[in-house]
Amino acid sequence: MSVHHESLLNHARSRWFWIALVLSIGAIVAYIWHSPGVPPNGGTWLGYTLGTIAALLIVWLMLFGLRKRSYRGGSASLRGWLSAHVYLGTSLILITLLHAGFQVGWNLHTFCLALMLIVIFSGFYGVYCYLRYPTLMTRNRESATRHAMLDEITELDQNALALADGISPKVHAVVLRSIQNTRLGGGVFAQLHARDDSDAALAGIKAALDEHERSFHASKAKSNQTIYAMVDFLASGTNDRHTDALRKLIDLISRKKSLATRVARDIQYQALMEIWLYIHVPLSFALLAALIGHIVSVFFYW
Amino acid sequence: MRWLIRRVLKQGKGAVSYEEDVHFGDQLSIGRAADQAIFIPDLRVALKHARVKITGPGRYRVDSLNLAGIRVNGELTYGLAVSAGSTIEIGSTRITLLDPPRDFEAAVEITTLDKTEQAAVHARRAKPTSLKETWLGKRLPSWLLFLGTLVLGLLIPAASHYSPVIARVITAAHLPGTTSWNPGPLDAAHRFFGDDCKRCHDTPFLQVRDRTCLSCHTQIAAHADPAKFNLPALGEARCASCHQDHHGLRGMVRTDQALCATCHTDLKTRTRNASQLADATDFGKNHPDFHINLPAWNDINVFAPQRTLLTPMVKETSGLKFNHVKHLKPDLNTPKGTRTLTCASCHTPDAGGLAMKPIQFETMCHECHTLGFDTFSPEREVPHAKVAEVGYMLDDYYARRALSGGYSDAGAPAVVQARRRPGDPPLSREQQIEALAWARNKARQVVDSIFTDRACITCHTVTPPTAETEWRIAPVRVAGIWFGEASFTHARHATMACGDCHQATTSETASDLLIPGIENCRQCHAGETGGSKVASTCIACHKYHQAEGLKLQSL
């Protein structure tokens, strides 16, 4: 068993890195050795060979989408596939540039190349995400699952409601509203921005506490001049209890806020880790169509 | 106002019972306080949470009485007019507003949600927490992009190939037509029809045929006669084997050595001795010695150069006597003082730089080699290259000098020597005869001396006249183009000194061939992989379409 962690980049002793490297060096050597008598281009025998390799690679790389959905193989073998996907995909940049003899123009063929480069570079971002975000997610969750965190939030909500109910209907309403206003997840941009609205709730409770204390002091100040001073004095004990409860409530809501923030961050990490796929995958299909157009057009007018 | 309040009670295993109650009042209060018409003992409910008013038969208005608002038909609201069938959800309770039954103005049904129903409601209200649950998708964009690209990149251009109408529409709409398939800019010569792909690619999925090339290029010479040289490779060669367009302005001719070398090996065997050409695969390593066009003339005196292997023994018969060594010596004595000649004094390149201009006596030799004939009038000269005129001219000259007198040559008769003054009587008949006899003799002597002694003989082979013929000068016959099969141009070698190739400084006779052999070229030129030398492929010197009289189209 290997001591260090095996990632998609060093899977099986970086087997696919070496394979891609050999493929790339082979292509470079062939390109240098090859002297077609015309400027190097896709129409020489080496051009056709490299083009065929590249086209087969593209189709094979796209099959990764199917492989990902099939759960028959183990996760290790899926990691192997991903490793191959990344390294062979990267070697495509070189192979296609050699295939084209570094010639570009305003045409379908270069469009195909441009699409491919966008797909590959979005894939690089994906690799970056897969290497970076899982660690961040684990650290952010603190060995809880998102489900557990959500359950805890529900529990805190209920406790907060119970506590708020004991304070005053107004505070109860504030807490009720804060529960309703807690936003976790949402649209694409909400997910990517990691927003939860627990701050507003906390502010509401704090305002309630301030107001409560102000009114308490006000009533105390007034009490000296009224015949109900005694009643107020007696009631002050109750007020203190309310203040305590409010403080407890703030505690609860703060704990909820930190949890909600973590869940929102968790959602954000997941969204960031996936968002590039919404470019990578559709553009891969555009690339496939452009590739078909490229190949057919070449033989249409060859 | 009479409200019917019906509570739905679940009794396990799906059994349901109802409990009905009547409430009087113009509004229905909902909350956790004990005085509420609908009392819901749930912490998620405010003490006075909401109220429902009747606004008409089967029509209600729901108002929230707390900050959080109330969820009506799944939407949070603070006040909303609704009709029967609407639901209000508070905590785990669902209140459905109903059409009032007979004897009632309004009716509501109260259901307590069990855990599974609550979970379902919760799930329904939950916001998406992964991108998968949002409007973002991969499948639809993938299909759209795939089909869009396929249509724009393949189908529309293909359609425009088949239908000129579609092609016009596409051009007008600025959509990508077949030009978007153009893999690279055309050669300059083909630019003028560059957008019309069909001009060359007339049949889809078929390589460009030679006939489309030959429809314009009607005058292209063949490489060799395929009937004579029955080489399959020659017959299979297409125009496009060597001429590939779409590589920009660099020209569309293959220049690599393999183009020629693959056929020009073992040529004699492969053509069954039809070709006598020696094998040539690499100029530096495998190339026969040069053959030159040695000047020669056929029976009817037409220039018919002989293809001769260039060896040191080969001599040239130009009809001229010339000594390069003598002329290249420094400080030559000339009538105008000392001069040093260089090669360029006589050999100047022609306008194209390919060959040298012919040597001209008048501009190049005459300065030293004057054709004067009489010391008494050194400015007079005989014409060059006009043999017959020399005699007439000298006859004329001496006749006039004899008749006018004053010619102080000691050998001349008195009548010729005597200076004649104006008013002197004319010469007598006898004097005239004597003077003219002298003149004729003198002219003949001078002609002899010019042809055989002083002037002509210096450079030319002179044949004295016989009874039938006049003086004859051997014709000067300079080759012109020495390399018949290769194109050599002096212009490309302007950086070299003449002496680097032509050994003129040691040549003493005109018959020396100063044409350098292959070893001379190989000092600088090698084959395609030239290393430190000039990489020279076959078509650096040779051309492919070389047949004379045989046109490609006639094959």
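Nothing here was measured: the structure is a model prediction, and the numbers come from that model. Chain letters run A, B, ... following the sequence lines, proteins first, then strands; residues in each count from 1.
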Identified side-chain contact (heavy atoms from CB on, under 4.5 Å) counterpart of B:Ile88 within the set B:Thr77, B:Thr93, B:Ile70: B:Ile70
Chain A: which of [options] shares the most heavy-atom pairs with it under 4.5 Å?
options                               : answer
B:Val208, B:Leu47, B:Leu206           : B:Leu206
B:Lys138, B:Lys132, B:Arg71, B:His49  : B:Lys138
B:Pro183, B:Cys200, B:Ala240          : B:Pro183
B:Asn66, B:Leu76, B:Leu152, B:Leu155  : B:Leu76
B:His246, B:Arg32, B:Lys198, B:Arg254 : B:Arg32

Say whether, by atom type as modelled, one donor and one acceptor occur between the side chain of B:His545 and the main chain of B:His223 under 3.5 angstrom. no
Sub-3.5 Å donor-acceptor pair from the side chain of A:His172 to the main-chain atoms of A:Asp165, do we have one? no
Quick one: what part of [X] sits under 4.5 Å from any heavy atom of chain A, side chain, backbone, both or neither?
X        : answer
B:Gln244 : side chain
B:Lys48  : neither
B:Leu140 : neither
B:Thr134 : side chain
B:Leu259 : neither
B:Val151 : neither

Sort [X] into side chain, backbone, both or neither according to what part of it lies under 4.5 angstrom from a heavy atom of chain B.
X        : result
A:Gln103 : side chain
A:Ile275 : both
A:Leu277 : both
A:Leu291 : neither

Distance-only polar pair, side chains of A:Arg67 and A:His85, donor-acceptor under 3.5 Å: no
Passes side chain to side chain donor-acceptor pair (under 3.5 Å), A:Asn107 versus A:Thr110? Steps please. CA-CA 6 Å; A:Asn107 53 36; A:Thr110 301; 3.1 Å; yes
Can you tell me how the ring of A:Phe299 sits relative to the ring of A:Trp302, calling it parallel under 30°, perpendicular over 60° and tilted otherwise? perpendicular
